[in-house]
Amino acid sequence: MSKNKKLLLIDGNSVSFRAFFAMHNVLEKFVNGEGIHTNALYAFNNMLELILKDEKPTHALVAFDAGKTTFRTKMFDEYKGTRAKTPQELMEQLPLIQEMLNYRGIKTYELPDYEADDIIGTMSHKAELDGMDVTIITGDRDLTQLATDKVTVKVNVKGVTETESYTPEHVQEKLGITPKQIIDMKGLMGDNSDHYPGVEKVGEKTAIKLLNQYGSVEGIYEHVDEMKKSKLKEHLINDKDKAFLSKKLATIDLDAPVELRLADLEYRGDNQEQLMQFYQKMNFKTFLSRMDIPQEDTAEKLADIKVLELNDAAVEKIANSDKIHTLIVEGFGENYHTSPIIGLLISDDKNYYGTTDFSILENPLLKDWLADGSKEKYLFDNKATIAQLTRYGCKLSGVTFDMLLVAYLLDTNDNKQDIGLVAKNYDINLPTEEEFYGKGVKKAVPEDDKVLLNFLAQKAQVINSLKDKMMSELKENDQDSLYDEIELPLSIVLAEMEIKGITVEVSKLKEMENTFATRLAKIEQEIYQEAGKKFNINSPKQLGVVLFEDLKLPVIKKTKTGYSTSVDVLEKLKDKSPVVQKVLDYRQISKIQSTYVVGLQKFVQPDNKIHTIYLQTLTQTGRLSSIEPNLQNIPIRIDEGKQIRKAFVPQHEDWEIFSADYSQVELRVLAHISGDEHMQEAFNEDYDIHAHTAMRIFGLDSTDEVTPNMRRQAKATNFGIVYGISDYGLSQNIGISRKKAAEFIASYFEQYPGVKKYMDDIVRYARENGYVETIMHRRRYLPDIHSRNFNIRNFAQRTAMNTPIQGSAADIIKVAMINMQKMLEKEKLQANLLLQVHDEMIFEAPKAEIETLEKLVPSVMDSAVKLDVPLKVETAHGKTWYEAK
DNA sequence: CAAAATTGT
DNA sequence: AGACAACAATTTTGT
């Protein structure tokens, strides 16, 4: 049997409207070359692709409203009377949407005097009689009256990519009436947005109740006399005419004079050629890349670049040239500290020399050229390139353009870590790593070296062609010194730290593994005892059943999928059952065991060291992050976890671990950029900042009156301020009422008016400029600051407050790291900078150097930048990381 | 592959 | 009305 035919009907106007507002916050980002907005077009097409994929229709139609006047306005001239005018920015897109649908092989239609609804109703009715399945897409709930066994109405919810499906069953479930009765319901309650009246004081609930009793508007009025005396009865009688009129207005015409046959709606698929041209005109890169463009194009381009052999002769030419060269050292695999190089390419923008034979790296001329700082080089990802080359015995110097770093500084939001993605942002078509190598099981290096080297040549070409443009953008943003003096030098420092690595005593971890295993087994048994059964404690789902169903503990919080079993919930249940504390203990230890004790061992290399990778271009604030493994979240708060730090040791006997951290950098940064006098005074006088805050917000005369609890609350408030305060968040954090938290904040702002002013100013700045900046001009764009969605907008506002603080602190420590590395070299110290943990630097050093470091490191760190308040540095040292704190 | 949980600053 | 503290990485479940 052939598959059933399926008709897709789209309410063009209402979906366009939804699409427009779904992407309203990026309105000004979606403008094509001719200055026409394209956001609704984009969102519409996005939705369309999803729907086509899901529904696989054989027939399709998009219906539009023909004009302002319809048979309904003739019946009731205020129909849709108060509806706001369609925004100009959307109006200009409607013809484009129709044009695009045409290229996508989908019929569009409008009919004078009728609304899109009526066209859809009529065609859906026809199709159903013909035995077809029908799916209707709309942003308007009114159309749910059309749902039948054969017709599903999908209504867009939040944006356009998600829909809610209305079948007769779903309508029944949701409203308790049939789809047909929706018309009666609308008749009774009227419609605000279409601006027609119903019966006074009758809303959805009353309407449904009446319909359940009497079936329809007609039914109600047949029996209205029998109803007992009530206000409702009076209203019904008074507004009888309105009810019948509104019912008529609400009724979608199933027999409009639509001159279309079902055969006319056959869906034929895209007209590739025209659609491609259209996408190009609209600047739709993502859609273009999604098209199955015949492969010849790219293949031809690949062949365009002639790659010469990178041999001794080529090296000689390169080494003797004064030209700038682009360098591609291609690694393959996850981790560049361990995975091999698979290709090497050097280009002067005219000639491309490439090879897969790495014996060339033994060529002394090439070695010298790579290490020669006066030979200028461009590349993508300096840090990774240095790390790779180091393993092949080469030094690298003279890099002036790192496309990865520049792309990150220009916009932290999009497309880092992959040169293909950066290129696409600039309208250049270069395969991403995934597109070139494939993904999952298919990921592989091409058999043919030529193919690989051509890819590398393309990369080199892209780097070269974008260098000027990107560097001038950097200058326009006033970010050139952030790049020249911070990020680029830092990439070298980080490379050195990663390569050096930190020594780990595996035997220590092994020892801990055993003790924790026994402890875990014991707690596990105890929990089973209490619970009366065996289950997986690691599964929040199973644990939820045990706690809240078997043991009947009160449910404090729920997640999307079930009961929440997070710490804050468990903390509240601690005294209700002894099992809760045991679960908390189990969780803690099991985390330590799996992530750290066992997890870390996997990363220890044959040199007994762990070489993490710092991601320099990931975070939105400018902080670093650390992966494989993350060495920025090694436990410290609870002692069991802190033990892990005993396994981190210096690489030599008679050396120590030395750590130095900034004390309250973020608050100091806030004191600086807000210019708040009271906060600055507190730091200038070196008061205990949290006690000082407590004194001020609790209205005390001296810090002597501050109780530990007051200090704790003040500390939390300080944190809250840094994070972009909200009363709810603060109340959750210190367990006070929301009202009390709001009072704290009000009092805080009263005491620190400069801080209040900063918060207001920075949010306004973000609204006006679309971004915020750190002290070193690191930028973060905040398109959501204009969002209509309360939560999204609030989040953007908090981000606006937090990013300059967190980001400036990140700037400061980055400068300190660079200066520190220079200083160690200058002073000819053996000490090595090994780790950075946001406000802390960790070194290993001979015992003999510790005394020097105790003076030197703080002096370098607190002079990294000049603020209006002093920076404070604290140091510690010991035989292991555990002792150095 | 997403969600929940836990770790850090 | 909304239901929210900032920035990260990793492990484990369960679909």
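Heavy-atom basis, side chains included; hydrogens, waters and symmetry copies ignored. Chain letters run A, B, ... following the sequence lines, proteins first and then strands; every chain starts at 1.
The ring of A/Tyr728 lies on top of the base of C/dC4, close enough and flat enough: under 5.5 Å between centres, under 30° between planes.
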For DNA chain C, just give me the dot-bracket, please: Watson-Crick or G-U, both distances below 3.5 Å, ( ) intra-strand, [ ] crossing earlier pairs, | paired with another strand, . unpaired. .....|||||||||.
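For A/Lys558, the salt bridge (Lys or Arg N to Asp or Glu O under 4.0 Å) test picks out no residue, with sequence neighbours left out.
Residue A/Thr621 has no polar side-chain atom (N or O) positioned under 4.0 Å from OP1 or OP2 of C/dC7. Phosphate proximity of C/dG14 to A/Ser539: present, with a side-chain N or O under 4.0 Å from OP1 or OP2.
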Can you give one letter per nucleotide of nucleotides 1-9 of chain B, 5' to 3': B if a protein heavy atom sits under 4.0 Å from the base, S if only from the sugar-phosphate, - if neither? ---SSBBBB
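Of the residues in residues 809-816 of chain A, not one places a heavy atom less than 4.0 Å from an atom of DNA chain C. A heavy atom lying under 4.0 Å from DNA chain C marks the following residues of residues 730-739 of chain A, by number: A/Leu730, A/Asn733, A/Arg738.
In this structure, CG of A/Leu543 is placed 11 Å from P of C/dG14, rounded to the nearest angstrom. Remark: P of C/dA3 and CD of A/Gln797 are 17 Å apart, rounded to the nearest angstrom. Summarising the geometry, the separation between CD on A/Gln601 and C1' on C/dT11 is reported as 16 Å, rounded to the nearest angstrom.
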Side-chain donor-acceptor pairs of residues 727-742 of chain A under 3.5 Å, sequence neighbours excluded:
residue  : atom : partner  : partner atom : Å
A/Ser731 : OG   : A/Asp727 : O            : 3.4
A/Ser731 : OG   : A/Tyr728 : O            : 2.7
A/Ser737 : OG   : A/Lys740 : N            : 3.0

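Across all strands, A/Thr595 comes closer than 4.0 Å only to sugar-phosphate atoms, never to a base (heavy-atom distances).
Between A/Phe744 and A/Tyr748, a ring centre-to-centre spacing not shorter than 6.0 Å is recorded.
Taking atom P on both nucleotides, B/dA5 is separated from C/dC4 by 14 Å, rounded to a whole Å.
Picking from C/dT12, C/dA5, C/dA9 the nucleotide with the shortest atom distance to the side chain of A/Arg798 gives C/dA5.
Defined by atom type and a distance below 3.5 Å, a donor-acceptor pair is present between the side-chain atoms of A/Tyr563 and A/Glu549.
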